[in-house]
There are 2 protein chains.
Amino acid sequence: MTVYTPAEAVEETGFSLDTLRYYEKIGLLERVTRNASGQRRFTQDDIGWLGMLRCLRDTGMPIATMLRFAELVRAGDHTIPDRIKLLEEHDRQVQAQIANLAERQRYIHNKISYYRSVM
Amino acid sequence: MTVYTPAEAVEETGFSLDTLRYYEKIGLLERVTRNASGQRRFTQDDIGWLGMLRCLRDTGMPIATMLRFAELVRAGDHTIPDRIKLLEEHDRQVQAQIANLAERQRYIHNKISYYRSVM
DNA sequence: TTCCCACCTGGAGCACACTCCAGGTCAACC
DNA sequence: GGTTGACCTGGAGTGTGCTCCAGGTGGGAA
């Protein structure tokens with residue numbers, strides 16, 4: 001069973017150590033096990049869960065919503081339908097973000113073309 | 001020449017009145033003309049510029065960068081090449097955002113499929 | 001004339017998501 | 001034995017981008 005030191009978890013997840021501690025403190029991450037001298041040892045599962053969090057965070061999910069998702073996960077398999085609902089709702093928001101960005105991008109392209117035309 | 005009251009500018013731009021005042025205060029918006037009793041009267045140009053700001057803001061440009069762009073615009077036509085550079089750089093970032101969102105979205109889709117498969 | 005309402009200003013306060021700090025522990029290397 | 005470096009904790013501080021507030025003005029409806 002592989003474990004990760006804090007430095008390795010930072011490397012692996014791209015989160016800063018402070019962020020990892022913060023996520024644990026607010027309950028986004030279940031209490032990470034400690035070794036004999038009190039230092040964190042992250043499991044493969046922790047790293048996997050952090051990958052999920054990174055995905056949700058980077059698609060703009062607020063921490064409060066990630067917390068709700070974390071609670072569903074902790075509550076057990078009977079919450080899978082709720083998790084699906086939550087992710088589907090989030091997926092729609094991601095879709096909307098993409099569409100919105102693409103539309104704004106057209107505006108930017110037009111502006112650039114306009115500037116080119118008046119140079 | 002059409003002018004807009006504060007309420008109309010809010011309606012037109014989607015920014016709150018506080019945000020419009022804030023943008024003026026920090027120099028994102030040049031000082032808006034006032035009527036005899038000191039109230040703002042937005043011109044068509046103000047509204048158009050605010051449309052540009054909305055586009056930049058909604059595509060994630062930080063205020064500091066919008067300020068640089070605003071200064072270029074104020075400095076006159078000889079800054080058009082610089083404006084193009086700035087917008088092109090921003091365009092690349094928007095492109096990267098879209099690509100990133102699309103990739104994360106695939107992860108979310110996979111997760112949803114996984115959840116569906118274990119229900 | 002009295003009320004309300006939209007608006008004004010300067011400045012304080014807030015939500016979010018971290019990020020930093022002080023003071024301490026422990027293991028390992030010199 | 002001493003020093004270094006990674007890590008610990010609780011709690012304070014920070015940056016961004018607004019948002020709210022107190023106290024005041026001016027114009028129009030009742």
Side-chain angles (χ1 to χ4, degrees), chain A residues 3-43 46-47 49-70 90 93 97 100 104, chain B residues 3-43 46-47 49-70 90 93 97 100 104:
Chain A
V3 294
Y4 297 79
T5 64
E8 286 161 353
V10 164
E11 170 76 12
E12 208 60 33
T13 64
F15 289 120
S16 76
L17 185 48
D18 268 320
T19 298
L20 293 176
R21 291 198 269 245
Y22 169 66
Y23 281 180
E24 185 182 346
K25 177 152 64 181
I26 64 172
L28 259 189
L29 194 56
E30 269 181 289
R31 179 162 172 91
V32 176
T33 56
R34 312 291 150 112
N35 71 3
S37 56
Q39 296 191 358
R40 285 172 181 78
R41 288 300 176 263
F42 295 82
T43 65
D46 290 329
I47 302 297
W49 172 242
L50 285 164
M52 181 82 217
L53 291 185
R54 168 155 291 285
C55 172
L56 297 178
R57 191 195 77 159
D58 287 1
T59 47
M61 183 181 285
I63 283 185
T65 311
M66 291 199 277
L67 264 175
R68 279 206 296 123
F69 185 67
H90 184 57
Q93 294 187 16
Q97 277 185 72
N100 187 41
R104 304 294 189 188
Chain B
V3 294
Y4 296 78
T5 64
E8 285 161 354
V10 164
E11 169 75 13
E12 208 61 32
T13 65
F15 290 120
S16 76
L17 183 48
D18 269 320
T19 297
L20 293 177
R21 290 198 271 243
Y22 170 65
Y23 283 179
E24 186 181 344
K25 177 152 63 183
I26 64 173
L28 258 189
L29 193 56
E30 270 181 289
R31 178 163 173 90
V32 176
T33 55
R34 312 292 150 111
N35 70 3
S37 56
Q39 296 192 359
R40 286 172 181 78
R41 287 299 177 265
F42 296 82
T43 65
D46 291 330
I47 301 298
W49 173 243
L50 285 165
M52 181 83 216
L53 291 184
R54 168 155 291 284
C55 172
L56 297 178
R57 190 195 77 160
D58 287 1
T59 48
M61 183 180 287
I63 281 183
T65 311
M66 289 198 277
L67 264 176
R68 280 206 295 123
F69 185 67
H90 184 57
Q93 294 188 15
Q97 276 185 71
N100 187 39
R104 305 293 189 187

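So that the names make sense, note that chain A is the first sequence line, chain B the second, and so on, each numbered from 1. Computed from a prediction, not measured in an experiment: that's the story for all the values here. Hydrogens, waters and symmetry mates play no part in the numbers below; they use all other heavy atoms, side chains included.
The backbone N or O of B:Val32 sits less than 3.5 Å from a side-chain atom of B:Glu24, completing a donor-acceptor pair. Put simply, the side chain of A:Asp46 gets close to the backbone of A:Thr43: a donor and an acceptor are under 3.5 Å apart.
Rounded to the nearest 0.5 Å, atoms OH (A:Tyr23) and CG (A:Leu28) are 6.5 Å apart. The CZ atom of A:Arg57 sits 11.0 Å away from the CG atom of A:Leu50 when rounded to the nearest 0.5 Å.
Residues B:Trp49 and B:Glu30 have side chains not in contact (no heavy-atom distance under 4.5 Å, counting atoms from C-beta outward). The side-chain heavy atoms of B:Met52 and B:Phe69, taken from C-beta on, include a pair separated by under 4.5 Å. Residues B:Arg40 and B:Arg34 have side chains in contact (heavy-atom distance under 4.5 Å, counting atoms from C-beta outward). The shortest distance between side-chain heavy atoms of A:Phe42 and A:Leu20 falls below 4.5 Å.
In this structure, the side chain to side chain donor-acceptor pair (under 3.5 Å) partners of A:Thr59, at least two apart in sequence or on a different chain, are A:His90. Residues forming a salt bridge (Lys or Arg N to Asp or Glu O under 4.0 Å) with B:Arg41 (at least two apart in sequence, or on another chain): none.
The CZ-P distance, from B:Arg57 to D:dT16, rounds to 16 Å in whole Å. Nucleotide C:dC20 holds its C1' atom 12 Å from the CG atom of A:Leu17, rounded to whole Å. Rounded to a whole Å, the CD1 atom of A:Ile26 is 13 Å from the P atom of C:dT19. The separation between A:Tyr4 atom OH and D:dC7 atom P is 15 Å, rounded to whole Å. With rounding to whole Å, B:Leu20 atom CG is found 11 Å from C:dC7 atom P. Summarising the geometry, the separation between CZ on B:Arg34 and C1' on D:dT25 is reported as 14 Å, rounded to the nearest angstrom. Between B:Leu56 atom CG and D:dG17 atom P there is a gap of 13 Å when expressed in whole angstrom units. The distance from atom CD of A:Glu11 to atom C1' of D:dA6 is 16 Å, rounded to the nearest whole Å.
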Output one line per pair: protein atom, nucleotide atom from nucleotides 23-30 of chain C, and distance, for all N/O pairs under 3.5 Å.
none

List every contact pair, protein side and nucleotides 19-21 of chain D side both N or O, where the distance is under 3.5 Å.
residue : atom : partner : partner atom : Å
D:dC20  : N4   : B:Asp18 : OD1          : 3.2

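Taking side-chain N and O atoms only, B:Arg40 has a distance below 4.0 Å to OP1 or OP2 of C:dT9. For the OP1/OP2 pair of C:dC8 and a distance below 4.0 Å, the side-chain nitrogens and oxygens of B:Arg41 include no atom meeting the criterion.
Heavy-atom distances under 4.0 Å link DNA chain D to B:Pro62, B:Ile63 of residues 58-66 of chain B, given in residue order.
Note on B:Phe15: nothing from the nucleic acid sits closer than 4.0 angstrom, heavy atoms only.
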Per-pair distances, 0.1 Å, donor-acceptor, side chain in residues 60-67 of chain A, under 3.5 Å, sequence neighbours excluded:
none

